[in-house]
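So the structure is just underneath, and the comments pick up after that.
We name chains A, B, ... by the order of the sequence lines, and we start the count at 1 in each one. Not measured: the values here are computed from a predicted model.
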Amino acid sequence: MRCNQIKDLLSPYMDGMTNEKENRLVKEHLAECPSCREELERMQFIALCLNKMEVPPCPEGLVLDVRKRIVEEKNKVFSLREAAKPKRQGWMAAGIAGIALLIGIYINSILPVENIAFLWRDKDSEAGKNVAIVGKGPLDRIMGITGIGKEEKRVAQAPFTEDEDNDGGNVAVTDKETVKPAVPGKKSAGGIYVAEQLAAQIKVGDIDKSTQEVIKLAQASGAEYKIVDSMQPLSGEATKTIELAVEKDKADSIIQQLSLLGEVSDTSRNQVSLTEQYNKVQEEINILNEKIAQAEKEGNAEAKADLEKKLQELNGVKNDIEGKMAKITLKVYLVENVKP
Amino acid sequence: MYTDEQLVKKSLKGDVAAFEELVLRYQNKVYALAYRYMGNEEDAYDITQEIFLKAFRSLRTFKGNSSFGTWLYRVATNVCLDELRRRKRRVIPLSLDEPLATEDGDELEKDIIDPSPGADIIYERREFSEYIWTFLNQMKPEHKTIIVLRDMMDLSYEEIAQILNCSVGTVKSRLNRARNILRKKIEEKELLF
């Protein structure tokens, strides 16, 4: 047998990955070919050296560092700083009307299907009494249609500010009654401000094509989008995560169209509380307004202009938070359905 | 004690402690992989963090078709490959004298590629393995990957096939090619043999 035929077998041969016949052929050839023997020895030596490369133990504290990063990442999504300086790059909007299609999306909810109830204990009032604010949006309707989701209640933090409705003991609101969710710019009953996030995995045939389709869909609906994350297709399943910030009334149509891209699974729903941020900004705005009035009274035009500039910035932050509340974030994990 | 799969399920429900248990279980293996890719402790530690973060973010894509360990290696390999490619793009060998200006107007220290040390340096090294690793480091990320997984991490062909999502036959031929390229690279230097 010729050397070049044997050469291809040397690597699997040294790993014991050749079959009986190949084994015999290699052995016979090696017995009479010093060049191939040498080549095998060199490959074995290199592999052995690499195998012996010393690796220091993993430094302590990895778990803590990973935890810190996870927490940071979670907070980053809707942090005040992010709100103050929204990243505009890569986000696009277009005005073409979307086409609503027929198939519904199957979404498991970690929150109730038809009504989202937040229960919390008011710090200032009697213990044991709960107040529920119940909201019903377009997504709840879709999820209601599909009939999937389990009744589960989530305890949210007590609101930052006092609320008239809560004075003198809490008001029990049952699931049947509906209180409108937080209206941007206005205090809702209880002062709860949330941004909704929906996530779903979609198994697609061609990840690049589907990514383009998602982007097209986002543009057609005037939704902001960004590609958050992607994995190399070379090894492992190719995945892409795309985040869409869609207006609430367009969300159901977009979800329906997304569900046409492939098999939808692993859906989840989350609500990020913006209450604290919102109330803090509002509080600062109130303080600034007082200071501006004071400066005007004192006739200090320079201080007033300075304060007004700050007020403008804060109003920008407030608008951004309101923008987030008015929209729903759809996190789409595209996974390429690799054919065996 | 929970199985990996149970911990994954708990993590997906938001139980960060369950995910931390997975980090504890696999940190040494993942760090070892990262170290073998990066070649130094600092980078290996950073990459290990990235790997676990990426795993946390993509946990929902773990379907249990392979073991969690194999899936994690897949994530780890992807993160390392991404990093290698990123670095490859960043390194622009040019004139030695002038600092390199980027589009942002920053100036970069020039990274001159000459990873093959002279003979005198080799003999100063305690380990031949480190010397050979410098050659491995010059290889294409794909070739480096297969050698790291097989010769350094001691993984079987089947495990590698699962990690790289390819057939055992592909592993066999890719490994053969990569080993031969590495051998020739070293032989060209005529230092070892």
Side-chain angles (χ1 to χ4, degrees), chain A residues 7-12 14-15 17-18 38-39 41-43 45-71 73-74 110 199-201 228-239 241 265-268 270 333 335 338 340, chain B residues 12-13 16 19-20 23-24 27-28 30-32 35-36 41 44-45 48-49 52-54 56-58 60-61 71 74-75 77-78 81-82 85 127-133 136 141-142 145 147-148 150-152 154 157 163-166 168 172-173 175-176 179-180 182-183 186-187 192-193:
Chain A
K7 280 187 201 302
D8 283 347
L9 293 173
L10 291 180
S11 163
M14 73 185 230
D15 291 326
M17 291 298 289
T18 38
E38 198 180 353
E39 199 172 309
E41 277 166 12
R42 286 176 183 183
M43 271 207 295
F45 177 72
I46 293 167
L48 188 73
C49 284
L50 287 174
N51 195 262
K52 295 288 171 223
M53 183 170 157
E54 275 178 28
V55 177
C58 180
E60 280 177 24
L62 179 77
V63 173
L64 287 178
D65 282 338
V66 170
R67 182 194 298 165
K68 209 173 128 197
R69 297 275 304 271
I70 289 173
V71 170
E73 198 164 284
K74 276 187 177 169
I110 55 162
Q201 180 185 305
V228 190
D229 197 19
S230 60
M231 270 170 85
Q232 293 297 328
L234 172 84
S235 48
E237 344 175 85
T239 68
T241 308
S265 62
D266 285 332
T267 51
S268 67
N270 206 358
Y333 300 91
V335 180
V338 186
Chain B
L12 281 171
K13 283 179 187 160
V16 180
F19 185 73
E20 286 172 7
V23 175
L24 276 174
Q27 60 178 5
N28 284 330
V30 171
Y31 180 76
Y35 185 84
R36 280 154 174 158
E41 292 174 54
Y45 189 71
T48 306
Q49 281 187 48
F52 280 114
L53 266 185
K54 179 103 180 182
F56 184 77
R57 287 197 295 251
S58 350
R60 61 185 62 250
T61 66
W71 179 83
R74 180 188 292 190
V75 174
T77 305
N78 272 311
L81 276 169
D82 278 348
R85 292 191 181 111
E127 299 282 347
F128 262 136
S129 53
E130 283 177 30
Y131 170 62
I132 290 178
W133 186 86
L136 182 66
E142 292 77 8
T145 294
I147 291 184
V148 166
R150 174 63 202 161
D151 291 334
M152 304 186 86
D154 273 334
Y157 281 41
I163 291 165
L164 301 183
N165 209 9
C166 62
V168 170
K172 213 183 263 190
S173 58
L175 185 60
N176 181 47
R179 277 173 171 167
N180 276 305
L182 179 61
R183 177 179 58 77
I186 298 169
E187 280 172 358
L192 265 183
F193 305 114

| remark: Greatest number of non-hydrogen atom pairs under 4.5 angstrom with chain A, of B/Val30, B/Leu136, B/Asp154, falls to B/Asp154
| field | Top contributor to chain B contacts, counting heavy-atom pairs under 4.5 Å, from A/Leu48, A/Leu10, A/Asn51 | value | A/Asn51
| Is there a side-chain contact (heavy atoms from CB on, under 4.5 Å) between A/Val66 and B/Phe56 once you walk through the steps? | CA-CA 10 Å; A/Val66 170; B/Phe56 184 77; over 6 Å; no
| task | Considering non-hydrogen atoms only, spot the tightest contact between B/Ala32 and A/Val55 and give its length. | result | CA-CG1, 3.8 Å
| Could you give the distance from CD (A/Glu60) to CD (B/Gln27), rounded to the nearest 0.5 Å? | 9.0 Å
| request: Give, for atom CD1 of B/Ile186 and atom CZ of A/Arg42, the distance between the pair rounded to the nearest 0.5 Å. | output: 10.0 Å
| field | Distance (rounded to the nearest 0.5 Å) between B/Ile147 CD1 and A/Ser11 OG | value | 8.5 Å
| message | Let me confirm one number: the CE-CG distance from A/Met17 to B/Asn176, rounded to the nearest 0.5 Å. | response | 12.5 Å
| task | Measure across A/Arg69 and B/Leu53 and return the closest heavy-atom pair with its distance rounded to 0.1 Å. | result | NH2-CD1, 3.1 Å
| Can you check side-chain contact (heavy atoms from CB on, under 4.5 Å) on A/Leu50 and B/Leu182, steps first, answer last? | CA-CA 11 Å; A/Leu50 287 174; B/Leu182 179 61; 4.0 Å; yes
| In terms of heavy-atom proximity below 4.5 Å to chain B, should A/Pro57 be classed as side chain, backbone, both, or neither? | backbone
| Which atoms of B/Val168 approach chain A - backbone, side chain, both or neither, heavy atom under 4.5 Å | side chain
| said: Please classify the contact between B/Glu41 and chain A as side chain, backbone, both or neither, with a heavy-atom cut-off of under 4.5 Å. | reply: side chain
| request: Can you see which heavy atom on A/Glu54 is nearest to which on B/Tyr35, and at what distance? | output: O-CE2, 3.4 Å
| note | Of all heavy-atom pairs linking B/Arg183 and A/Ile46, the shortest is CA-CD1, 3.7 Å
| said: Within this structure, what is the OH-CG distance for the pair B/Tyr31 and A/Leu62, rounded to the nearest 0.5 Å? | reply: 10.0 Å
| query | Distance from A/Thr18 atom OG1 to B/Lys172 atom NZ, nearest 0.5 Å? | reply | 7.5 Å
